[in-house]
Colleague: 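I'd like to ask some things about the structure below.
First the proteins, then the strands, lettered A, B, ... as listed; each starts at 1. Please read all numbers here as calculations on a predicted model, not as lab measurements.
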Protein chains: 2
Amino acid sequence: MFAERGYRGTSLNAIAERVGLTRQGVLHYFRSKEQLLTTILQLRAELNRQNLGADRLESDWPELLAEVVAYDRKNPGLAVVHSVLAAESVTEGHPAQQYFRDYYQSVREDIFRVLTERYGDRLPSGLAPQTVAAALLAMLDGLQQQWLLDRELGDHPEITRDVLAMLLLGSAPR
Amino acid sequence: MFAERGYRGTSLNAIAERVGLTRQGVLHYFRSKEQLLTTILQLRAELNRQNLGADRLESDWPELLAEVVAYDRKNPGLAVVHSVLAAESVTEGHPAQQYFRDYYQSVREDIFRVLTERYGDRLPSGLAPQTVAAALLAMLDGLQQQWLLDRELGDHPEITRDVLAMLLLGSAPR
């Protein structure tokens, strides 16, 4: 329901009705709507850590990220919740604002660190690691935004692979 | 107020109060909250067309887009409204959903057309024009999302310039 209508557009009563519980029944499991939000975001982060384990970061990034995007497109549930809440979080006083501020900073730092360990201060493409860290994260978010509005767009895994190969290595796959 | 709290989080009464009018006073100028939304989106589109006139598209794209991003960062008003509403529009039954679906499609097509006219079916980088069209639009959206959560991020114009030079020409500026 958060994915469909956002956090602010979803009431605890509506959630209770959808799952066939009373409002008190939902509050038995989650102290508040905000705690339900936090739990969902932590679940998404935990599943991401499992999917993108440290070992996999040693592999071929363009192929790896293309796989991640293809997976999200086929299993949109938590990916859509994440995007919708991330976008909504920029509005005033949103309870997930600090979560997403920290999330973006830590993901940029993680990408930067892995790239720097592998390639040093300059990537083979000539770009700086911090440039690619911010741009890669931005591209994944932006493609998701386009896909949320048009689920027929099918080429995002290939776009991710080709663009990332270009940004890292300076060469386009044929 | 749409930028601060989203369309759904903003009532006509709150808008009226902020501008020192009654609700009826606001409705004298705009038939409905939805019409106010439409008017704002059209204003943003119109200003964009003026800023990015057809003549400017003939110039150096990496520099041009870096300027556009720098301009948006210094004059965030309408750029932030646009981003917040674009993100909110993916939720169910949102009145701007069709607007943004059409908007993304037409911007991708415009970029694709200009790139194809200038470079043909393959860019100097080796990437396909449709790949760069989707990726460029995505990167601009995603960087904006990062900046909305952390207004201290100051390097987005340079990131835009460097990444776009890479995607178009296959070479990183030094």
Side-chain angles (χ1 to χ4, degrees), chain A residues 1-6 8-9 80 83-84 86-94 97-98 100-105 108 122-123 125-128 130-132 134-146 148-150 153 155-156 158-160 162-163 165-167 170-174, chain B residues 1-6 8-9 80 83-84 86-94 97-98 100-105 108 122-123 125-128 130-132 134-146 148-150 153 155-156 158-160 162-163 165-167 170-174:
Chain A
M1 294 183 76
F2 288 162
E4 288 164 9
R5 305 199 45 93
R8 288 206 171 104
V80 174
S83 299
V84 169
E88 191 184 28
S89 78
V90 307
T91 58
E92 240 177 29
H94 195 283
Q97 194 167 100
Q98 190 61 48
F100 280 107
R101 190 174 292 129
D102 296 344
Y103 168 83
Y104 279 105
Q105 194 182 338
R108 277 193 306 263
R122 264 309 138 178
L123 305 179
S125 65
L127 291 172
Q130 61 267 38
T131 297
V132 172
L136 169 59
L137 184 54
M139 182 179 64
L140 293 173
D141 274 350
L143 287 177
Q144 174 89 345
Q145 164 74 12
Q146 292 176 40
L148 286 172
L149 285 165
D150 183 358
L153 295 172
D155 54 355
H156 287 178
E158 291 74 23
I159 291 175
T160 303
D162 291 0
V163 168
M166 199 72 220
L167 296 182
S171 60
R174 296 289 163 171
Chain B
M1 295 183 76
F2 288 162
E4 290 165 7
R5 306 198 43 94
R8 288 208 172 101
V80 174
S83 300
V84 169
E88 191 184 27
S89 78
V90 307
T91 57
E92 240 176 33
H94 195 284
Q97 195 168 99
Q98 190 61 47
F100 280 107
R101 190 174 292 128
D102 295 344
Y103 169 83
Y104 279 105
Q105 195 183 336
R108 277 193 306 262
R122 256 324 130 177
L123 305 178
S125 66
L127 291 172
Q130 61 268 35
T131 297
V132 172
L136 168 59
L137 183 55
M139 183 179 66
L140 294 173
D141 274 349
L143 287 178
Q144 173 90 346
Q145 164 76 11
Q146 292 176 40
L148 286 171
L149 285 165
D150 182 359
L153 295 172
D155 53 355
H156 287 177
E158 291 74 22
I159 291 175
T160 303
D162 291 0
V163 168
M166 198 72 219
L167 297 183
S171 60
R174 296 287 161 173

Colleague: Give, as side chain, backbone, both or neither, the part of B/Thr160 having an atom under 4.5 angstrom from any heavy atom of chain A.
Modeller: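 No part of it gets close to chain A.
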Colleague: Among A/Arg5, A/Gln105, A/Glu158, single out the residue with the greatest number of heavy-atom pairs under 4.5 Å to chain B.
Modeller: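 Heavy-atom pair counts peak at A/Arg5.
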Colleague: What part of B/Phe100 is in contact with chain A, defined as an atom under 4.5 angstrom from a non-hydrogen atom: side chain, backbone, both or neither?
Modeller: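 Both parts, backbone and side chain.
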Colleague: At their closest point, which heavy atom of A/Thr91 faces which heavy atom of B/Ala3, and how far apart are they?
Modeller: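 In terms of heavy atoms, the two residues are closest at CG2-O, 4.2 Å.
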Colleague: Is there a side chain to side chain contact (heavy atoms under 4.5 Å, CB included) between A/Met166 and B/Val132 once you walk through the steps?
Modeller: CA-CA 11 Å; A/Met166 199 72 220; B/Val132 172; over 6 Å; no
Colleague: I need the residue from B/Thr131, B/Val80, B/Asp155, B/Leu136 with the largest number of non-hydrogen atom pairs under 4.5 Å to chain A.
Modeller: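 Option with the top pair count is B/Thr131.
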Colleague: With only heavy atoms counted, which part of B/Glu4 is less than 4.5 Å from chain A, the side chain, the backbone, both or neither?
Modeller: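 B/Glu4 touches chain A through backbone and side-chain heavy atoms alike.
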Colleague: Using heavy-atom distances under 4.5 Å, tell me whether B/Leu137 contacts chain A through its side chain, its backbone, both, or neither.
Modeller: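 Both parts, backbone and side chain.
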Colleague: Return the minimal non-hydrogen interatomic distance between A/Ala134 and B/Leu143, and the atom names on each side.
Modeller: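 Heavy-atom minimum between the residues: O-CD2, 4.0 Å.
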Colleague: For each of A/Ala138, A/Gly170, A/Gly93, A/Ala128, tally heavy-atom pairs with chain B at distances under 4.5 Å, and name the one with the top tally.
Modeller: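 So the answer, after comparing A/Ala138, A/Gly170, A/Gly93, A/Ala128, is A/Ala138.
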Colleague: What's the shortest heavy-atom distance between A/Asp141 and B/Gly142, and which atoms?
Modeller: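 Minimum heavy-atom contact is CB-CA, 4.2 Å.
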Colleague: Hey, which of B/His156, B/Gln145, B/Met139, B/His94 has the most heavy atom pairs under 4.5 Å with chain A?
Modeller: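 Ranked by heavy-atom pairs under 4.5 Å with chain A, first place is B/Gln145.
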Colleague: Quick one: what part of B/Arg101 sits under 4.5 Å from any heavy atom of chain A, side chain, backbone, both or neither?
Modeller: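 Both backbone and side chain.
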Colleague: Checking heavy atoms, do the side chain of A/Gln97, its backbone, both or neither come under 4.5 Å from chain B?
Modeller: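 Answer is both: backbone and side chain atoms of A/Gln97 are under 4.5 Å from chain B.
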Colleague: Count the heavy-atom pairs under 4.5 Å between each of A/Ser83, A/Ala86, A/Gly6, A/Gly9 and chain B, then report the option with the highest count.
Modeller: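 Of A/Ser83, A/Ala86, A/Gly6, A/Gly9, A/Ala86 has the most heavy-atom pairs under 4.5 Å with chain B.
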